[in-house]
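For clarity, every value in this text was computed on a predicted model and none was experimentally measured. Residue numbers begin at 1 in each chain, while the letters A, B, ... track the order of the sequences.
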Amino acid sequence: MRLHAVNTVKKLVLISGISGLSYYAGRQSIENKLESCQKETKNLLSKPALPIFSTVSAAALIPRNETFDKPAIIPKENRIVQIMRYGFPSLDNVRSFDDFVLSYDRRMRTAAWVFEHLTAESVKHNDAVDRAKCDFKPDESIHPFFRADNSDYKKSGYDRGHLAAAGNHKREQRHIEQTFYLSNISPQVGVGFNRDSWNRLERYVRKLTKTFRNVYVCTGPLYLPRKEANGKLYVKYEVIGSSNVAVPTHFFKVVVCEDADGKLELESYVMPNEVISDDTPLENFRVPPESIERAAGLLFFDKINRKMLSKINGKKL
DNA sequence: TTTCTTGT
């Protein structure tokens, strides 16, 4: 890269989401990112030649349904800062919703990860919120080449399984509705997985808010290699519908809980996307977070001060 | 309680 271009690229990296430069962006604090994003967006607005509407990660740090015409792009109390407090697992195709953040994997037609922040208040039952009123819908913010449609899932034999669980977003009707965008959905085995053991894991994570004041959850698909008859390893996954939506072989959850003293406990799980017996204890699915990072190509909770981490998968450090 | 699909 030519030297004179470097400064411009540095300025653009937060807006354009050039993944190869994520190291630079990753070193900045979230606050700096937002400040910088806000500043650069304003700069860009005065330069109509730059294609700000077609860049992907411009959507990342700017809440949906905010138009670029309004001067106040970043609200003061930013929910996204709260959700992403401990770092972004990656910076590819990041987009934020009102109560969760996701990174979209265009090739797989589903998310690479979704991030949520849960509290006792945010998951408590709310009569005003009705799941039955929600419809699964294509995410129109994704380019049609890479977008999943309801027809892809129809008669596929798979459930439209939430990554950010609907049950985690009952504070407002608007919040739960946004979890039904197909960018937050992956093909999941229904009976025996989505409706059973995976749901059991989701309920367990919600229950953690009873003992911890803050719960941070990262969820995503995995496509793990498997040994075939010739002894070699292959990554093999089914694709469904005319969009070829990838069917993940596994799903992960990495959870960080913060207690009243600010001490942090981490738990990480991998479950195969297949029928799992209901009597299998959830602890059986615990795996070291490093192995999920390697398999997924992600880095979780990058910004956690290791001194604050007291437990990993139940083991004291 | 929450997670869904299919058929009418």
J.: Across the strands shown, which category fits A:K207 at heavy-atom distances under 4.0 angstrom: base, sugar-phosphate, nothing?
T.: nothing

J.: Give a yes or no on whether A:R226 atom CZ has more than 12 heavy-atom contacts from other residues, nucleotides or ligands under 6.0 Å away.
T.: no

J.: By nearest heavy atom, map A:N168 and A:K155 onto DNA chain B; which one lands nearer the 5' end?
T.: A:N168

J.: Look up atom CG in A:L264 and atom CG in A:L309, then write down how far apart they are to the nearest 0.5 Å.
T.: 6.0 Å

J.: Provide, to the nearest angstrom, the distance between the CZ atom belonging to A:F136 and the P atom belonging to B:dT6.
T.: 12 Å

J.: Quickly work out the A:Y158 OH to B:dT6 C1' distance and round it to whole Å.
T.: 18 Å

J.: Applying the side chain to side chain contact (heavy atoms under 4.5 Å, CB included) criterion to A:T249, which one of A:L224, A:V235, A:V270, A:N273 satisfies it?
T.: A:L224

J.: Taking only side-chain N and O atoms of A:K170, does any of them lie within less than 4.0 angstrom of OP1 or OP2 on B:dT2?
T.: yes

J.: Give me the one residue out of A:D92, A:T219, A:V101, A:L163 that meets side chain to side chain contact (heavy atoms under 4.5 Å, CB included) with A:W113.
T.: A:V101

J.: Can we call the ring centroids of A:F300 and A:F252 under 6.0 Å apart?
T.: yes

J.: For the pair made of NZ in A:K210 and P in B:dT1, what is the distance, rounded to whole Å?
T.: 13 Å

J.: Given the rule in the salt bridge (Lys or Arg N to Asp or Glu O under 4.0 Å) test, do A:R147 and A:E140 qualify, once you have shown the distances and angles that lead to the verdict?
T.: CA-CA 8 Å; A:R147 189 194 293 162; A:E140 309 279 353; 3.2 Å; yes

J.: Taking DNA chain B as the partner, which of residues 182-206 of chain A come within under 4.0 angstrom of it by heavy atom?
T.: A:N194, A:R195, A:N199, A:E202, A:R206

J.: What integer distance in Å separates A:N150:CG from B:dT5:P?
T.: 9 Å

J.: Atom CG of A:D130 and atom P of B:dT1: how far apart are they, to the nearest Å?
T.: 14 Å

J.: Can you find a side-chain donor-acceptor pair between A:R109 and A:N244 that sits under 3.5 Å?
T.: no

J.: Would you indicate which nucleotide in B:dT5, B:dT6, B:dT3 comes nearest to any side-chain atom of A:D159?
T.: B:dT5

J.: By nearest atom, which of the nucleotides B:dT3, B:dG7, B:dT5 is closest to the A:A165 side chain?
T.: B:dT3

J.: Determine the interplanar angle of the A:F180 and A:H162 rings, folded into 0 to 90°, and report it as parallel if under 30°, tilted if 30 to 60°, perpendicular if over 60°.
T.: perpendicular

J.: When you measure from every atom of DNA chain B, which of residues 109-122 of chain A have a heavy atom less than 4.0 Å away?
T.: none

J.: Is any NZ, NE, NH1 or NH2 atom of the basic residue among A:R79 and A:D98 found under 4.0 Å from an Asp or Glu carboxylate oxygen of the other?
T.: no

J.: Rounding to an integer number of Å, can you tell me how far A:N273 CG sits from B:dT3 P?
T.: 17 Å

J.: Please figure out whether A:H125 or A:R160 has its closest DNA chain B nucleotide nearer the 5' end.
T.: A:H125

